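What follows is a single structure, written as structure tokens, with notes after it.
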Amino acid sequence: MAATPPPPDAFAFSSDGELFAAVSDRRIQVWSTREGQKIAGWTDPIAAHDDSYSCIACSFVQKKHTKDGDLIVVAVGTANGVVLALDSTGVIWKSACHTGKVISLHFSKQGRVLITASRDGVICELDTWTGKSKDTLKALKKSINSLTVSHDEKFMVVSAKTTKLYSMKDKKEILKIPSDDGPIQLMSVSDEAHTLVSYTNNNKEVKVWSCDHQNCTVVSTVSLAMHTQPKTVECKRSTSSEAGGIVLAVSKKGVAYVWDLQTLSQDEILPIKISVKKSLDKKGRVPIILAKLCDVKEDNTIKVHVVFGSLDCLQFKIVVLGENCEDINLVAESDALASEEQDAKVNNKMDDEQDRQENTNLTRQGRPNKRTASVLDSITDTVKEGNPEYNLDEPTMEQKLESLNLLNKSEFLEEQSASLAPPSADSVYILLKQALRADDHAELLKCMYNRDEKVIVKSVSLLTPGDALKLLKFFVSSIQSRGAKLVCLLPWLQTLLSRHMSSIVSQESSLLLLNSLYQLIDARTSTFKSALQLSTTLDYRFSEIADEETDEEEAAAPIVYEDKDTEDEESDIDAMETDGESEELGDVTDALRHSDGSERVL
């Protein structure tokens with residue numbers, strides 16, 4: 001059995017849970033939690049081997065004068081105090097705004113502001129697009145352990161040996177949170193700062209605090225026990241009970257705990273545990289990397305985003321917890337486990353992609369079905385539920401196979417011939433999207449070799465603005481080639497520009513690409529006039545040469561004279577005489593014979 005994959009160096013959900021970002025082995029990647037696919041990636045943007053990545057954050061950011069939706073921005077902090085911001089074009093800016101290790105990053109104000117915290121005790125607010133400092137706060141004289149911001153962006157908590165609650169509006173300290181067990185390592189604050197949760201190092205419990213920031217009082221109400229130490233904590237205010245709250249914690253062993261507190265002073269409440277099994281018939285678990293409370297509704301249902309697996313094949317689930325809910329045992333998809341054991345990348349075949357989409361339905365105590373029920377399944381179920389003794393009325397193996405049509409060779413050949421049919425527009429679009437997400441130029445070229453106009457139009461029309469920009473980058477990098485490759489690219493490029501020009505122009509990063517494309521086209525067409533003149537001149541000159549040769553051939557036909565030696569002529573004459581004599585003798589011999597072949601007597 002393969003070993004459990006190591007966790008990423010840093011990871012985080014976006015505030016709405018739609019994105020998940022992680023950094024591992026100096027590679028930064030972003031996934032869409034809804035589609036479960038990787039949508040962006042960068043390799044070592046800091047490019048400094050004496051530095052390492054310490055934290056990460058991601059968000060959708062809406063730019064001014066942008067009508068084509070939000071863009072994805074990722075921020076990473078390093079151990080040397082450097083903060084970088086990246087988008088689809090690469091590094092936007094780099095700022096050395098801290099003197100110590102960056103330990104926390106948060107996007108606020110719809111992603112337009114990035115809040116950073118460092119071991120140097122300083123908190124900075126940076127403009128997401130320029131990296132310029134908007135505000136700086138010296139929160140603590142000593143090192144900061146963590147920084148958390150409430151979902152409504154009205155409060156933030158800075159945890160250390162002395163933990164403080166601040167107002168985001170004026171950056172004023174509201175109250176201090178005591179800790180008799182030592183410095184607080186993890187902290188979370190709910191909307192309106194009614195509930196706080198904290199974790200102190202080397203403890204296996206999460207403390208819940210009731211906060212009255214108007215009167216500047218905070219009281220520890222309950223301690224929630226865990227089997228192992230937590231690595232993340234989160235809390236939200238309950239909608240069903242004004243005095244309650246929802247607490248989420250993920251242990252270092254990869255098990256998520258959820259407590260639904262009707263009141264903050266409630267005792268002996270058991271958590272709902274969420275874990276992931278490798279399979280139902282084998283022991284072993286897949287650790288949960290991170291979980292996030294995404295929604296708490298009035299009907300007391302709770303939604304939790306869960307991510308687990310290796311970075312080569314991450315799996316995302318949304319777990320719905322209702323009232324009186326029991327522990328949840330998710331089952332990892334078998335295709336994903338196979339890719340983890342073989343250290344392979346995500347399979348790009350369409351059939352495997354459909355299997356992964358079908359297996360997203362959650363099961364608590366069962367395995368997700370990966371194929372439809374068949375006759376063999378029904379027979380197996382009957383044997384399990386019925387009498388275990390041998391049944392004489394049971395159909396033979398041949399009858400079972402006949403019911404499955406496995407012995408019908410004609411149907412098998414028909415299916416095989418159907419599988420050899422040319423790819424359809426839907427399949428080419430899926431392959432194109434997967435190649436763009438994986439940045440696989442070889443697969444992109446395979447898609448470009450399809451010259452069917454309908455396939456090209458449909459595949460390009462279904463692309464998202466982000467994928468369209470990636471495809472344009474590929475065209476700009478490949479347009480310098482010549483021959484058949486360029487001939488295949490041109491119809492795709494024409495369709496891309498005609499279908500996605502508005503979305504491409506609306507992104508600033510596309511201006512450089514369009515400028516490069518214009519320069520390439522201008523360089524190719526600048527010599528067209530002179531080349532046309534040269535071609536015309538050569539055609540005219542060669543036509544004159546051809547006309548002169550034709551006139552000479554029609555004027556006089558060539559005479560061939562062969563000179564032979566005298567001895568050769570005499571031998572030829574003797575040979576001719578000998579042939580003549582033999583012919584005469586033959587005539588005489590024929591005349592001496594009757595018509596019936598008998599000889600005449602003279």
Side-chain angles (χ1 to χ4, degrees), residues 1 4-5 7 11 13 17 20 33 36 186 188 195 197 199 203-208 222-236 238-241 244-264 266-297 299-309 314-334 336-337 340 359-370:
M1 183 178 295
T4 301
F11 43 84
F13 278 108
F20 177 79
T33 60
L186 301 173
S188 180
T195 307
V197 294
Y199 161 70
N203 281 344
K204 295 182 181 180
E205 61 181 15
V206 176
K207 280 191 175 182
V208 182
V222 65
S223 295
L224 306 174
M226 301 177 61
H227 292 296
T228 56
Q229 300 174 7
K231 59 181 178 180
T232 60
V233 295
E234 185 183 3
C235 69
K236 278 193 174 185
S238 176
T239 56
S240 60
S241 177
I246 310 297
V247 179
L248 168 68
V250 180
S251 69
K252 291 183 178 180
K253 289 190 176 181
V255 179
Y257 294 73
V258 181
W259 293 269
D260 186 1
L261 304 177
Q262 300 299 323
T263 62
L264 296 183
Q266 185 175 356
D267 295 331
E268 297 182 357
I269 180 171
L270 297 177
I272 301 174
K273 298 178 185 179
I274 305 174
S275 59
V276 182
K277 291 185 177 182
K278 289 186 177 180
S279 63
L280 290 178
D281 54 350
K282 294 181 181 180
K283 294 183 179 180
R285 296 183 180 273
V286 178
I288 294 175
I289 298 176
L290 188 61
K292 179 179 177 59
L293 293 171
C294 55
D295 195 8
V296 180
K297 296 186 177 181
D299 58 355
N300 205 29
T301 58
I302 305 168
K303 287 186 179 180
V304 181
H305 275 295
V306 178
V307 56
F308 55 89
L314 282 182
Q315 299 181 56
F316 299 90
K317 306 285 187 180
I318 297 181
V319 182
V320 180
L321 306 178
E323 194 172 358
N324 300 324
C325 184
E326 298 178 354
D327 292 348
I328 304 295
N329 290 320
L330 304 178
V331 179
E333 298 174 7
S334 58
L337 288 174
E340 289 178 15
N359 293 334
T360 53
N361 296 328
L362 298 178
T363 57
R364 295 184 179 178
Q365 300 295 337
R367 174 182 293 178
N369 293 329
K370 301 195 69 178

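All of these numbers come straight from a predicted model, not from anything done at the bench.
Judged purely by atom type and a 3.5 angstrom limit, K236 uses its side chain to pair as donor or acceptor with the backbone of L293. Remark: the backbone N or O of C235 is paired with a side-chain donor or acceptor of S188 at under 3.5 angstrom.
A distance of 9.5 Å separates CD1 in I288 from OG1 in T232, rounded to the nearest 0.5 Å. A distance of 6.5 Å separates SG of C294 from NZ of K303, quoted to the nearest 0.5 Å. Note that CG of N203 and CD of Q229 are 8.0 Å apart. Values are rounded to the nearest 0.5 Å. For the atom pair I302 CD1 and D260 CG, the distance stands at 4.5 Å (nearest 0.5 Å). Rounded to the nearest 0.5 angstrom, M226 CE and K252 NZ are separated by 10.5 Å.
S251 approaches K231 most closely through the heavy-atom pair O-CE, 3.5 Å. The minimum heavy-atom distance between V307 and F20, with the atom names listed, is CG1-CE1, 3.8 Å. Nearest heavy atoms, K278 versus R285: CE-O, 3.8 Å. In terms of heavy-atom proximity, S223 sits nearest to K207 at OG-CG, 3.7 Å. Closest approach of F13 to T33, counting heavy atoms only: CE2-CG2, 3.8 Å. The minimum heavy-atom distance linking G309 with I289 is given by the pair O-CD1, 3.3 Å.
Here the side chains of H227 and V255 are not in contact, with every heavy-atom distance at 4.5 Å or above. A heavy-atom distance below 4.5 Å is found between the side chains of L224 and V208. In this structure the side chain of V286 never reaches within 4.5 angstrom of the side chain of K277, judged on heavy atoms.
Evaluation of the ring pair (Phe, Tyr, Trp, His ring centres under 6.0 Å) rule for Y257 yields W259 as partners, not counting sequence neighbours.
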Please walk me through it: do K292 and V304 pass side chain to side chain contact (heavy atoms under 4.5 Å, CB included)?
-> CA-CA 6 Å; K292 179 179 177 59; V304 181; over 6 Å; no

